[in-house]
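For reference, the structure discussed in these notes is given below.
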2 protein chains.
Amino acid sequence: MKISTKGTYGLRAMIDLAIFSQFHPVSIKKIAARQEISELYLEQIFAKLKQGGLVKSKRGIYGGYFLGKDPQHINVKEILNILEDNLSVHSCQNDNMKICQRASRCPTRVLWKRIDRAVHDIMESYTLEDLVVEAKFQDNSLL
Amino acid sequence: MKISTKGTYGLRAMIDLAIFSQFHPVSIKKIAARQEISELYLEQIFAKLKQGGLVKSKRGIYGGYFLGKDPQHINVKEILNILEDNLSVHSCQNDNMKICQRASRCPTRVLWKRIDRAVHDIMESYTLEDLVVEAKFQDNSLL
DNA sequence: ACAAAACTCTATTGAAATACTAGGATAAAG
DNA sequence: CTTTATCCTAGTATTTCAATAGAGTTTTGT
């Protein structure tokens, strides 16, 4: 894949939540302002994240979103899997698409599979907590 | 990145060349027929490959294309680098684009860099010869 | 010489994916 | 019963990608 804005914004939003939603829900308006993302667009992203169980929400005044699990139990792969249509580097590796007619005698399939595996492993090894640590390290204003 | 048809077709074409152009040039018409690719589109792909030095050409009747280097000295990264605009998984890692304003305090940059490095290493380790071996293994009709 | 085969080059079209906008409905707190 | 927020469904605008079109130029075999 090429990581889209959904994945990019979603990751940033999750990091924001991990930092700011520990004691009370955080509204989309707040996150959008801090992360410089369109509010309306962020709504759609959070709808997916909620559907995937990564965040929970509280409606009404003083409502907002918060993490569905602890940051150390959420990895990057889970987040991007929900927000990106297909995490493979090649569209032929997509299960729900029409299978490539040449698949049985395609010399490059092995290559794509190996790359996907490597990407997959790295994404799975990075937790949201790792990213929070990185964020705090880079920007003391978040502490 | 998501590998586009340019990269996909280009790789297939290079494998085709490695197998069929050992003794005489191979025309685009032949490759397009064998690989089921539009001739006009293949032309554009070969223009890039030639510009990148991976193939050479002979004009006129009985002309066509042949490899610029031995298959064991051409790796997949070289090929895709020429045909794909940007091999990074994230557009923020693109040198010639406008630099992301948040780069200096972006917690996810490290992640993209690490993924890109892994992908890069795998692509570089695969030579055209490796793919030819794989192709011949899968389809005896090419032998 | 000359015609055919094949490469070279630039522009345009068409289709699909992506990014974002719009507007209303529902819910909770005070 | 008003304010603030999530929730939900469409719709549009932009960009990227894939492919086509067509007019050249070069080379070579005969």
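Keep in mind the model is a prediction, meaning the values are calculated, not measured. Each chain gets a letter, A, B and so on, in the order its sequence line appears, and its residues count up from 1.
- A 4.5 Å side-chain heavy-atom check between A/Val132 and A/Ile19 finds at least one atom pair inside the cut-off.
- An OP1 or OP2 oxygen of C/dA19 is reached within less than 4.0 angstrom by a side-chain nitrogen or oxygen of A/Ser4.
- A side-chain donor-acceptor contact under 3.5 Å links A/Asn75 to the backbone of A/Lys77.
- Put simply, the side chain of A/Ser88 never gets that close to the backbone of A/Ser91: no donor and acceptor are under 3.5 Å apart.
- For A/Thr5 and C/dA19, the shortest distance from a side-chain N or O to OP1 or OP2 is below 4.0 Å.
- Distances were taken from every side-chain heavy atom of B/Ser57 (C-beta onward) to each of D/dC17, C/dT18, C/dT8; the shortest belongs to C/dT8.
- A distance-only check finds a donor-acceptor pair linking the side chain of B/Glu84 to the backbone of B/Gly7 [under 3.5 Å].
- Nearer the 5' end of DNA chain D, as judged by each residue's closest nucleotide, is the contact made by A/Ile61, out of A/Leu40 and A/Ile61.
- Counting only heavy atoms from C-beta on, B/Arg59 has its side chain closest to D/dT27 among D/dT6, D/dT27, C/dC20.
- The number of heavy-atom neighbours closer than 6.0 Å to NZ of B/Lys29, taken from other residues, nucleotides and ligands shown, is 12 or below.
- Toward the 5′ end of DNA chain C lies the nearest nucleotide of A/Lys2, the other residue of the pair A/Gly60 and A/Lys2 mapping further downstream.
- OP1 or OP2 of D/dT26 has not a single side-chain nitrogen or oxygen of B/Tyr62 nearer than 4.0 Å.
- Just one of B/Val119, B/Val89, B/Leu111 meets the side-chain contact (heavy atoms from CB on, under 4.5 Å) condition when paired with A/Ile122; it is B/Leu111.
- Within residues 7-16 of chain A, no residue places a heavy atom under 4.0 Å from DNA chain D.
- Between the C1' atom of C/dT18 and the CG atom of A/Asn86 lies a distance of 15 Å, rounded to the nearest Å.
- In this structure, A/Glu39 atom CD and D/dT6 atom P are separated by 9 Å, rounded to whole Å.
- Checking D/dT6, C/dC7, D/dC17 against every side-chain atom of B/Ser27, the shortest atom distance belongs to C/dC7.
- Using a 30° and 60° split on the angle between ring planes, B/Tyr9 and B/Tyr41 fall in the perpendicular class, above 60°.
- D/dT6 atom P lies 14 Å from atom NE2 of A/His24, rounded to whole Å.
- Here the side chain of B/Gln138 pairs a donor or acceptor atom with the backbone of A/Cys106 at under 3.5 angstrom.
- Distance, A/Ile37 CD1 to C/dT21 P: 12 Å, rounded to whole Å.
- Look at NZ on A/Lys30: it is 11 Å from C1' on D/dT4, rounded to the nearest Å.
- Atom CD of A/Glu36 and atom C1' of C/dC20 are 17 Å apart (whole Å).
- Contacts of residues 41-52 of chain B with DNA chain C (heavy atom under 4.0 Å): B/Glu43, B/Gln44, B/Lys50.
- To the nearest 0.5 Å, atom CG of residue B/Asp85 and atom CG of residue B/Leu80 are 12.0 Å apart.
- Atom pair A/Lys58:NZ and D/dT6:C1' shows a separation of 11 Å (rounding to whole Å applied).
- For the pair B/Arg34 and B/Phe20, the cation-pi test (distance below 6.0 Å, angle within 45°) is passed.
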